[in-house]
Protein chains: 2
Amino acid sequence: MSNEEPKVGHDPFPLPDVDDLELVRVLRAAGDPARLVIIERLSDGDYHPCNLTDYRLDIHKTTLSHHFKVLRESGLTRTRVTGREHAVQLRRDALDARWPGLLDTLVAAAVRDDPDAQAAPGVSAAG
Amino acid sequence: MSNEEPKVGHDPFPLPDVDDLELVRVLRAAGDPARLVIIERLSDGDYHPCNLTDYRLDIHKTTLSHHFKVLRESGLTRTRVTGREHAVQLRRDALDARWPGLLDTLVAAAVRDDPDAQAAPGVSAAG
DNA sequence: GGCTTTGTTTGACAAGCATCAAACCATTGA
DNA sequence: TCAATGGTTTGATGCTTGTCAAACAAAGCC
């Protein structure tokens, strides 16, 4: 592989279809402190790397990977592979289509409870 | 006790204060099939009895009691004792104060996924 | 006072889950 | 080709949890 472009893997992480999403599974996926931090970090809608340094979590590398797997298999996130880097993104389209407003209120609740959450200018965290 | 009025117990089920509610605990409490059915049944805001027949759940009596305990200790419900009857109600005030919109979207999502949910007149369950 | 009703509590058990360590796989760079 | 990088998979382990059975507790009824 002497290509200049980073190799884009052919998605080794299959996603559950929108119709196959289960509310119970989504709620339990969100019902973990570490995963709630991850969800909050992903709330901007962008792709975020899967490395430990980007999340302020005092857990092992393999544990973080496990959490990403739980999030993905619940349908909350999708995973993109670029070269040797993995990145995750919230499946906002699918979630909004299935349960309108759920992801927004979930993220809002997580942000509200997170003392480290940086408030947007003019917006009080204490709400 | 020869009183005509049913005896009102002095709340043997203490509730967590609003400020002590934990989002993770609430989400995990909601992340169970049986408890999601209960939440949906309670969504009208009224008190509902704690007996098995009122919920279409194929579980043991003690298991149902366990679920009520999980819901109560997570802060999602309160329990009222009247005579020998127990009744539960969603703590909508506390939940709305702490995480605005969360309970509504949660209930809406649960109703949407429940095939047995009776739609209001003119409202399609398939959305 | 006994018996029934209405649930809760306790104990036990199997399944699930969060965690870490070690091994592994694919990509990149020398 | 060989080592380093980025992250996943695979055990293994201890804790949590959903479930039922048996015992318990409080209130009403005869």
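Keep in mind that the numbers below use all heavy atoms, side chains included, and drop hydrogens, waters and symmetry copies.
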Please say yes or no: joined through hydrophobic side-chain contacts below 4.5 Å, possibly via intermediate residues, are B/Leu76 and B/Val70 part of one cluster?
no

Here's a test of your reading of the structure: between A/Glu85 and B/Gly31, which maps to the more 5' nucleotide of DNA chain D?
A/Glu85

Min side-chain heavy-atom separation B/Arg78-B/Tyr47 under 4.5 Å
yes

Protein-nucleotide distance (A/Leu64, atom CG; C/dC20, atom P), rounded to Å
11 Å

Can a side chain N or O of B/Thr63 be found less than 4.0 Å away from OP1 or OP2 on D/dT19?
no

On the nucleotide D/dT8, are OP1 or OP2 found under 4.0 Å from the side-chain N or O atoms that A/His66 carries?
no

Distance in angstrom units between A/His60 NE2 and D/dA12 P, rounded:
17 Å

Taking the minimum atom-to-atom distance to the side chain of A/Thr62, which one of D/dT8, D/dA4, C/dT8 wins?
D/dT8

Among C/dC20, D/dG7, C/dG7, the one nearest A/Pro49 by side-chain distance:
D/dG7

Contact check, side chains of B/Val37 and B/Asp114, non-hydrogen atoms, under 4.5 Å
no

I'd like to check A/Pro33 versus B/Glu22 (side-chain heavy atoms, cut-off strictly below 4.5 Å). Are they in contact?
no

All side chain to side chain contact (heavy atoms under 4.5 Å, CB included) counterparts of A/Ile38, not counting sequence neighbours
A/Leu42, A/Tyr55, A/Leu57, A/Leu64, A/His67, A/Phe68, A/Leu71

B/Phe13 CZ to D/dA26 C1': how many Å, rounded?
11 Å

Please list, pair by pair, any protein nitrogen or oxygen found under 3.5 Å from a nitrogen or oxygen in nucleotides 13-16 of chain D.
none

Nearest-angstrom distance from the residue atom CZ of A/Phe68 to P of C/dC17
19 Å

Value in whole Å for how far the P atom of C/dT6 lies from NE2 of B/His48
18 Å

Per B/Ile59 side chain, nearest of listed nucleotides D/dT19, C/dT19, D/dT8
D/dT19

Listed nucleotide nearest any side-chain atom of A/His67, set D/dT19, D/dG7, C/dA18
C/dA18

Counting N and O atoms only, with roles assigned by atom type, does the side chain of B/Arg98 sit under 3.5 Å from a partner on the main chain of B/Leu21, one being a donor and the other an acceptor?
yes

A/Lys61 atom NZ is separated from C/dA23 atom P, nearest whole Å, by 13 Å

Taking the minimum atom-to-atom distance to the side chain of B/Arg84, which one of C/dT8, D/dG7, D/dA27 wins?
D/dA27

What's B/Arg35 touching, base or sugar-phosphate or nothing? Going by heavy atoms closer than 4.0 Å.
sugar-phosphate

Just how far, in rounded Å, is P of C/dT19 from NZ of A/Lys69?
15 Å

Are A/Leu106 and B/Val111 connected, step by step, through hydrophobic side chains (Ile, Leu, Val, Met, Phe, Trp, Tyr) whose heavy atoms are closer than 4.5 Å?
yes

Tell me the interatomic distance from B/Asn51, atom CG, to C/dG7, atom C1', rounded to whole angstroms.
9 Å

